[in-house]
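Side chains included, hydrogens not; waters and symmetry mates left out as well; all remaining heavy atoms used. Protein chains get the first letters and strands the later ones, always in sequence-line order, with residue 1 at the start of each.
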Protein chains: 2
Amino acid sequence: MPEGLCANDIAKLENIISATRRVKRGETLFRTGDRFDSLFAVRSGSIKTVVTHDGGREQVTGLLLAGDALGFEGIEEGVHTCDAIALEDSSVCVVPYTLFERMCRETDALQRRLHRMMSHAMNREVNHVVRLGLLRADERVARLLLDLSSRLSRRGYASSEFTLRMTRDDMGSYLGMTLETVSRTLSRFDKAGLIEAQGKFIRIRDFEALRAV
Amino acid sequence: MPEGLCANDIAKLENIISATRRVKRGETLFRTGDRFDSLFAVRSGSIKTVVTHDGGREQVTGLLLAGDALGFEGIEEGVHTCDAIALEDSSVCVVPYTLFERMCRETDALQRRLHRMMSHAMNREVNHVVRLGLLRADERVARLLLDLSSRLSRRGYASSEFTLRMTRDDMGSYLGMTLETVSRTLSRFDKAGLIEAQGKFIRIRDFEALRAV
DNA sequence: CGAGAATTTGATGATGATCAAACATAGTGG
DNA sequence: CCACTATGTTTGATCATCATCAAATTCTCG
């Protein structure tokens, strides 16, 4: 989290975000309608955000990994507009918003960091829109795998091998397609030698081909 | 723009955002790759944001009306990540970002306002994701019409009658479908008495039925 | 007013949804 | 720790929605 902040600032920041919260797999960090008063940063594990549309249909709108921040959607109305659900046992830093806002007024490096994080979150959503609006089913799946791969490798994990934390149903919801189509697409990629897929375990065998899907 | 700001603050703010820029229909306010140094607020007219995917396919990611702010996507990397194109002759306020950021540090009401605007922009994108991921073609068209209607009425225009500023192609791109499907859907809504659609002119005849599509 | 752009409508086909059933996996309680 | 049950996954068959291709109008703006 540091970078651009002096030691003194970091100390103040750590004081504010001292609280850590643990969320077990399947439990919610916050729910639609909950009062917004903190931002969160994933410390370990992974979290999905879900919007429930009238009629019960659910859309997974975000997949957050260690280091990712969430909760910004609640700023607008002071109320959270989605559910945040742990995909595995996870822990998050709790950042009380009012205090954090005040600190951002005092420290420009922190302010810049916050704005970049929010801008980043927006760009993530825009990418998601492009994925859903422009790509075919197999392209979407390929992009999700490559996306996860690069995000995991940036976090120090192997880029070509990982274990999905979400179900086929979650993937389908995230990608705007059914779980069956996700499953079929992965099987096809497997048979074509692009990946190795056995259940939740994925190994990417041919990055170039996957990018070219 | 005021509310929550004292007269003195407003004067300072107006000093910063004094510049207005005119953009003719079809012209770009900024382009992908342009250096980011200002936020913009639509003063009059309307603007679309477009992301061009490798392969030339284009996705309309946003539709901005008078009062809407844009440009936040550029904060993250200091470079704009989409094109902003005027749908009609428009004018925008130019808000130099560094100055504005400084002012936000001095005035908490302004800071809160900025954060709410960014949060609002995020929620807009999330709604867009839900629309693309969860709704069928006719539901998407209905939602777009209702969305435009309510946004226009909030701006003091009639809610049941308006003239689209975009082409069928733009609508299709925004909604993740082809222009033909948009056209057919509007024709069907027209025949069913939900709306009256002649070219770019739209009159909503039955809000309830449109919401229930 | 005329030419290029946008829209409408039709015919056809492909992609992905839905329904269904067998199979695998993981989580739980005895 | 194992067996059992829930839940999740795979695969097949069929069908609906929407994309594509095509052609006839209709706008609109220079």
Side-chain angles (χ1 to χ4, degrees), chain A residues 24-27 48 55-60 85-89 131-145 163-192 195-202 213, chain B residues 24-27 48 55-60 85-89 131-145 163-192 195-202 213:
Chain A
K24 287 222 170 97
R25 175 200 156 97
E27 287 182 357
K48 66 175 176 180
R57 287 182 289 180
E58 289 187 349
Q59 171 74 34
V60 173
I85 301 170
L87 289 168
E88 60 190 311
D89 293 0
R131 206 170 354 211
L132 294 178
L134 226 44
L135 304 187
R136 288 195 325 272
D138 53 351
E139 298 176 305
R140 293 182 207 174
V141 173
R143 292 264 310 237
L144 173 60
L145 295 179
T163 300
L164 294 168
R165 262 45 235 239
M166 69 205 95
T167 65
R168 298 287 187 263
D169 203 3
D170 287 330
M171 293 175 76
S173 171
Y174 183 71
L175 296 174
M177 52 205 258
T178 58
L179 68 97
E180 291 95 329
T181 302
V182 173
S183 176
R184 274 186 247 275
T185 304
L186 290 173
S187 298
R188 197 145 17 88
F189 285 174
D190 187 315
K191 266 169 213 134
I195 66 172
E196 201 175 302
Q198 25 198 351
K200 295 216 162 33
F201 174 81
I202 301 283
V213 163
Chain B
K24 287 221 169 100
R25 176 200 154 94
E27 286 182 357
K48 66 174 174 180
R57 288 183 288 179
E58 289 188 349
Q59 170 75 33
V60 173
I85 301 170
L87 288 168
E88 61 190 309
D89 294 358
R131 207 171 352 212
L132 294 178
L134 226 45
L135 305 186
R136 288 195 323 271
D138 54 351
E139 297 177 305
R140 293 183 208 173
V141 173
R143 292 265 310 239
L144 174 59
L145 295 178
T163 301
L164 295 168
R165 263 46 235 238
M166 70 205 96
T167 65
R168 298 286 186 265
D169 203 3
D170 286 330
M171 294 174 76
S173 172
Y174 183 72
L175 297 174
M177 52 205 259
T178 59
L179 67 98
E180 292 95 329
T181 302
V182 173
S183 177
R184 274 186 247 274
T185 304
L186 289 172
S187 298
R188 195 145 18 88
F189 285 174
D190 187 314
K191 265 168 214 137
I195 65 172
E196 201 175 303
Q198 27 199 348
K200 295 215 159 38
F201 174 82
I202 301 283
V213 163

Point to revise | R131(B) side chain vs R140(B) backbone, donor-acceptor pair below 3.5 Å | key: no

Practice item. Rounded to the nearest angstrom, tell me the gap between atom CD in E88(B) and atom P in dT28(D). Key: 14 Å

Point to revise | Terminal axis angle for the helix from dC1(C)-dG30(D) to dA24(C)-dT7(D), five pairs an end, nearest 10 degrees | key: 60°

Review point. Between the main-chain N or O of I85(A) and the side-chain N or O of E27(A), is there a donor-acceptor pair closer than 3.5 Å?
Key: no

Check your understanding: Would you find a donor on one side and an acceptor on the other, under 3.5 Å apart, between the side chain of D89(A) and the backbone of R25(A)?
Key -> yes

**Study point:** Inter-residue atom distance L186(A).CG - Q198(A).CD, 0.5 Å rounding
**Key:** 12.5 Å

Exercise for review: Calculate the interatomic distance between M171(B) atom CE and dA5(C) atom P; express it in whole Å.
Suggested key: 21 Å

**Study point:** Spacing of CZ belonging to R165(A) relative to OG1 belonging to T163(A), to within rounding of 0.5 Å
**Key:** 5.5 Å

Exercise for review: Take atom CG of D138(B) and atom P of dA16(D), then tell me their distance rounded to the nearest Å.
Suggested key: 16 Å

Review point. Tell me: CZ of R57(A) to P of dA17(C), nearest whole Å?
Key: 13 Å

Revision key, fill the gap. note: R136(A), atom CZ; dG13(C), atom P; distance rounded to Å ~ 19 Å

Check your understanding: With sequence neighbours left out, what residues match F189(B) under ring pair (Phe, Tyr, Trp, His ring centres under 6.0 Å)?
Key -> none

Contacts under 3.5 Å, N or O only, protein and nucleotides 6-10 of chain C:
residue	atom	partner	partner atom	Å
dT7(C)	OP1	K200(B)	NZ	2.8
dT7(C)	OP2	R168(B)	N	2.7
dT8(C)	OP1	R168(B)	NH2	3.2
dT8(C)	OP2	R168(B)	NE	2.7
dT8(C)	OP2	R168(B)	NH2	3.4
dT8(C)	OP2	S183(B)	OG	2.8
dT8(C)	O5'	S183(B)	OG	3.3
dT9(C)	OP2	S187(B)	OG	2.6
dG10(C)	N7	R184(B)	NH1	2.8
dG10(C)	O6	R184(B)	NH2	3.1

Check your understanding: Can you tell me how far the CG atom of D169(B) sits from the CD atom of E180(B), to the nearest 0.5 Å?
Key -> 8.5 Å

Review point. With a 4.0 Å cut-off, would you call K200(B) and E88(B) a salt bridge?
Key: no

**Study point:** salt bridge (charged side-chain N to carboxylate O under 4.0 Å, His left out) against R188(B), all qualifying residues, sequence neighbours excluded
**Key:** none

Study note, to complete from the structure: Glycosidic torsion of dA24(D) (syn if within 90° of 0, anti otherwise) classifies it as anti

Practice item. List in chain and number order the residues that pass side chain to side chain donor-acceptor pair (under 3.5 Å) with E58(B), two or more places apart in sequence or in another chain; answer none if no residue qualifies. Key: none

List every contact pair, protein side and nucleotides 23-25 of chain D side both N or O, where the distance is under 3.5 Å.
none

Practice item. Looking at every strand, decide which applies to G172(A) at a 4.0 Å heavy-atom threshold: base, sugar-phosphate, or nothing. Key: nothing

Point to revise | Spacing of L164(A) atom CG relative to dA26(C) atom C1', expressed in whole Å | key: 16 Å

Practice item. Please test V60(B) against M166(B) for side-chain contact (heavy atoms from CB on, under 4.5 Å), starting from the C-alpha separation and ending with a verdict. Key: CA-CA 11 Å; V60(B) 173; M166(B) 70 205 96; over 6 Å; no

**Study point:** Separation of atom CZ in R188(A) from atom C1' in dA14(C), rounded to whole Å
**Key:** 13 Å

